[in-house]
Structure formats: C-alpha cells, structure tokens
Amino acid sequence: MSWLAAAWFVARKDVEYLLRSRETILWTFVMPIAFFYMIGTITGGFGGGGEERDKLAVATAGEPGFLYDQLVHHLEGQEYEVVPVAGDEELAAHRRRLTVPADLTARVVAGEAVELRFVRRGGGLGADYDDIRVQRAVYTLLADVIAAAQQGPLTGDAIARLNALPRNLTLRVEPAGERREIPTGFEQAVPGTMVMFTLLVLLTSGAVFLVIERRQGLLRRLASTPLPRGAVVAGKWAGKLVLGLVQIGFAMAAGTLLFDVSWGAALPMVAVVLAVYAGLVAALGLLLGCLARSEGQAVGLGVLSANLLAALGGCWWPIEITPAWMQSFSRLLPTGMTMDALHRLVSFGQPAAEALPHLATLATLALVAVWLAVRQFRWE
C-alpha cells in the first residue's frame, strides 16, 4: 500500500466513524441550522435587511379621511410596507404598530391636537431607526398641513395640489465607493455560526476520538501494522479536514436554500478560504487530541477555546460594531481572519485578491499546527 493510499484509508475510516456518532451528527447538521435561525432572527432588526423588518401595522377605525392617506403615502416613502389592521388582537401580532385616531382629518381641520401612538417590540439601533422614520413621516404630514392651510381651506384637493407641485429641493443619492454596511441578520449569522461550529466540532469530536483511540489501544494496533507513521498522522488530519469540509458545504447550502444568503461574486475564493480554515482547525483538533490526557480535558479545552475564539473573532456579532482596537485584535485570530475575509468577499463585495493576505496567514498557521501535531503525536 502506498503512502497516499494508507493515509486515505485512515482518513476514510475516521470519517465513517465520526459520522456514525450521534453527537457529531447533532452538532454538524442540526444545531447550526437552529443557531442560523435564532441568531439571524434576533439580529435581523439591528440594521440589516429583510421583508418583515419593513412591515408597519397601522390601526385606525371609522373615517380617518384624506390625511390618513397622505400619512400612508409618507410612511411608504420611508420604505415601510404599511399593513392596515382592524382590531387590537391583529395589531398586537405585528412587531411595529402605529395607532391613528379614527377622526384624524376632522380633528386636524378643526384645529384640535391629535396624538399618533407608535410602539415597537425590541430595542437597539433598529428601534432608534424606526423612531426616526416614523417621525419623519409624521412631521412631513404636519408640514403638508401647514403649507396647504396657508393657501386656503384644508381639503383633499389642497393636499393633492400640494403633492403635484414641483419640488425645488431634491436629494440625489449615489454610491460613494465600496459597500461598508455592517452585515446583520442571516448575512452575519450564517457565516459566523458556520465558522464557530466548524471550530467547535473539530476541536471537540476530533480531539476526543483521538484520545479514546489512544486509551483503548487502537493507536497501538495501528503502530503494529505496516502503515507508515506519517501516513497515519496525515490520515487523522485528513479525516478531520473532510468532516470540516462536509460541515462547511452543508452550512453554505442551508444558508442559501433556507435563509437566502448570497455568497457573492467571489464564491471560488470564499470556498478556498473556508477550505484552508478547515485545514487549520483540523490540525488544531489533531494537536489538542495529542496533548489532552482525557476525554473531559479534550471537551473542556475544545469548548472553551471555540467559544472564546468565536466571540473575539466576530462570529457572534459583527466585529465592525466594536472599537477599532478590538477589530485589529480579532484579525490576529483564526476566526477573526476568516470572518474578515468573508465580510470583505461576501458582505462588502470586494474582489478575490482582498482575501489573499488572510489566505496566506491561515495557510501558514495550518502548516505550523500540522508540524506541531506531527511532533506531539504519540501511540500511547
């Protein structure tokens, strides 16, 4: 048996063994989907896009009059999809709710004060942005009322004539350069969760199974076979790499089909970056398996390291919202390098060449980790 054939034999058997484990199946295929949905839904209103984010339920009754129609017109100008609702139960089902008095127009024409009530579930920057948009629509309606009233009685025709007037002041918006909008929602959650769970699975399952094989004497049996030591180590690393690639491929497919994530025009470079990252993490899992003395130690160190690197590397939230020193520090970590490359290629639409420094650094770290794992590998 050749060296490559021996390495592939070990890798294939390891992958088959790993994929028969219920824990590996759970954390490779099931939990990432749950985290995609949970984190993506929670962070969807932070500043990212989404159809549900732009829906605004407007409740009124009776005959609110032509000013209500004008208000809806201005709300739609703020990129809201206005959803008229009838009762309180239907209104409560929506995240953003605006209550308009039934006699809105009659009271404004009579010169009475009118109160519009806006309620939104959740807080943060998304809530502040909603407040601004709704206030802009309401104050624009107030300006319409004042301008129309100066020309005569406030009527629907007066509002229509006001809308027909040419606007002396216009705002033209053009792209100022490459996109730098902070990725949120599923655009952040899917890549971040994928990077985190690849690290978590390969650091825990990959290391634990190696510890078990050493404790049960399986590695000693391999040592007594004609398989070269280098082929065995390479096979152990390649088996974990294949598992990581399967996990990444599944996560990307699920993100595309279930959560409508687009991986951008530089998809080949995205795939290369993730493959090299998987190679690095596979080597780290192998190294941890060589150093750990027990299954509990391997699991504890793997879980702690994965969560720490994920948090500091921008897998849980966009690293762009953190201070500048934190963003610089994150790029020193494997997770931060990978997430920065993904943001550049996927979220900001930059060319593939922008990820070359990240790719070179990840590949160098992978080679160093493989070298250390080979040095530390032992049969018992």
Side-chain angles (χ1 to χ4, degrees), residues 1 3-29 31-32 195-248 250 275-310 334-335 362 365-380:
M1 182 180 294
W3 191 92
L4 287 177
W8 174 243
F9 173 81
V10 174
R12 181 166 54 84
K13 292 299 181 181
D14 268 18
V15 172
E16 292 174 359
Y17 183 60
L18 286 168
L19 290 180
R20 284 200 300 266
S21 168
R22 287 177 294 180
E23 292 82 1
T24 302
I25 293 175
L26 175 67
W27 290 98
T28 300
F29 301 111
M31 293 305 295
V195 169
M196 179 185 74
F197 271 86
T198 302
L199 179 64
L200 178 65
V201 170
L202 295 187
L203 281 185
T204 53
S205 296
V208 165
F209 282 116
L210 189 62
V211 173
I212 292 175
E213 288 175 335
R214 183 180 299 109
R215 178 174 55 81
Q216 294 180 346
L218 298 178
L219 292 182
R220 286 198 303 271
R221 296 180 188 178
L222 279 177
S224 64
T225 66
L227 298 178
R229 181 179 185 277
V232 172
V233 178
K236 293 295 181 183
W237 170 78
K240 295 167 178 54
L241 171 61
V242 171
L243 177 62
L245 294 178
V246 169
Q247 185 172 4
I248 288 171
F250 174 78
V276 174
Y277 170 73
L280 168 59
V281 177
L284 293 175
L286 180 62
L287 178 60
L288 178 59
C290 295
L291 297 175
R293 300 295 178 179
S294 65
E295 294 95 314
Q297 193 177 76
V299 171
L301 289 174
V303 171
L304 179 61
S305 301
N307 282 279
L308 185 62
L309 289 172
T335 48
L362 289 172
L365 291 176
L367 291 175
V368 172
V370 168
W371 178 78
L372 290 173
V374 170
R375 293 288 301 274
Q376 295 296 324
F377 186 83
R378 64 186 191 280
W379 302 106
E380 56 184 357

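Every value quoted in this text rests on a predicted model; they were computed, and no experiment measured them.
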Can you give me the closest heavy-atom contact between [X] and [Y], atom names plus distance?
{"X": "V281", "Y": "T198", "value": "CG1-O, 3.8 Å"}
{"X": "L284", "Y": "A369", "value": "CD2-CB, 4.0 Å"}
{"X": "Y277", "Y": "L199", "value": "OH-CB, 3.4 Å"}
{"X": "P32", "Y": "L26", "value": "CD-O, 4.2 Å"}
{"X": "A306", "Y": "L203", "value": "N-CD1, 4.2 Å"}
{"X": "L241", "Y": "A282", "value": "N-CB, 3.6 Å"}

Check: Pairs in or reaching into residues 220-247: which pass ring-ring contact (aromatic ring centres under 6.0 Å, His included), with residues at least two apart or in two chains?
Finding: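 Of all non-adjacent pairs touching residues 220-247, none passes ring-ring contact (aromatic ring centres under 6.0 Å, His included).
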
Notebook entry, point to check: Which pairs count as ring-ring contact (aromatic ring centres under 6.0 Å, His included) when at least one residue sits in residues 285-306, sequence neighbours excluded?
Noted result: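 For residues 285-306: none.
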
Next item on the list: Look at the aromatic rings of F197 and W27 and report parallel, tilted or perpendicular, splitting at 30° and 60°.
Entry: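 Parallel, since the angle between the ring planes stays under 30°.
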
Check: Does L200 reach the side chain of M31, with side-chain heavy atoms less than 4.5 Å apart?
Finding: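 L200 vs M31: side chains apart.
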
Margin query: Is any side-chain heavy atom of V208 closer than 4.5 Å to one of V211?
Written below: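 Result no, sub-4.5 Å side-chain heavy-atom pair not found.
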
Checklist line | Which residues share a ring pair (Phe, Tyr, Trp, His ring centres under 6.0 Å) with W8, sequence neighbours left out | finding: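 Per chain and number, W8 pairs via ring pair (Phe, Tyr, Trp, His ring centres under 6.0 Å) with no residue.
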
Next item on the list: Return the set of residues passing ring pair (Phe, Tyr, Trp, His ring centres under 6.0 Å) with F209 (not counting sequence neighbours), or none when no residue passes.
Entry: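 Listed in chain order: Y17.
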
Margin query: Would you say that more than 12 heavy atoms from the other residues, nucleotides or ligands in this model lie under 6.0 Å from the CZ of R375, or not?
Written below: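 12 or below, so no.
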
Can you tell me how far [atom2] of [Y] sits from [atom1] of [X], rounded to the nearest 0.5 angstrom?
{"X": "L202", "Y": "L288", "atom1": "CG", "atom2": "CG", "result": "11.0 Å"}
{"X": "I212", "Y": "L218", "atom1": "CD1", "atom2": "CG", "result": "9.5 Å"}
{"X": "T28", "Y": "E23", "atom1": "OG1", "atom2": "CD", "result": "10.5 Å"}
{"X": "L367", "Y": "L372", "atom1": "CG", "atom2": "CG", "result": "11.0 Å"}

Next item on the list: Could you tell me which residues satisfy side-chain contact (heavy atoms from CB on, under 4.5 Å) with A373, sequence neighbours excluded, listed by chain and number?
Entry: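 Partners of A373 under the side-chain contact (heavy atoms from CB on, under 4.5 Å) test: L286, L287.
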
Check: Who pairs with R221 by side-chain hydrogen bond (donor to acceptor under 3.5 Å, both in side chains), at least two apart in sequence or on another chain?
Finding: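 side-chain hydrogen bond (donor to acceptor under 3.5 Å, both in side chains) list for R221, sorted by chain: empty.
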
Item checked: Centroid-centroid distance, W379 to F377, less than 6.0 Å ->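 Centroid separation for W379 and F377: below 6.0 Å.
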
Note to self: I'd like to know if the side chain of T335 reaches the main chain of L309, judged simply by a donor and an acceptor atom lying under 3.5 Å from each other, with no hydrogens or angles considered.
What the structure shows: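 Pair found, side chain donor or acceptor close to backbone of L309.
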
Note to self: Tell me if a side-chain donor or acceptor on R214 pairs with a main-chain N or O of G289 at a distance below 3.5 Å.
What the structure shows: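 Between the backbone of G289 and the side chain of R214 there is a qualifying donor-acceptor contact (under 3.5 Å).
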
Next item on the list: Before giving the answer on side-chain contact (heavy atoms from CB on, under 4.5 Å), spell out for D14 and E213 the whole-Å C-alpha distance, their side-chain angles and the decisive distance to 0.1 Å.
Entry: CA-CA 11 Å; D14 268 18; E213 288 175 335; 3.8 Å; yes

Notebook entry, point to check: Passes side-chain contact (heavy atoms from CB on, under 4.5 Å), V374 versus R229? Steps please.
Noted result: CA-CA 9 Å; V374 170; R229 181 179 185 277; 4.1 Å; yes

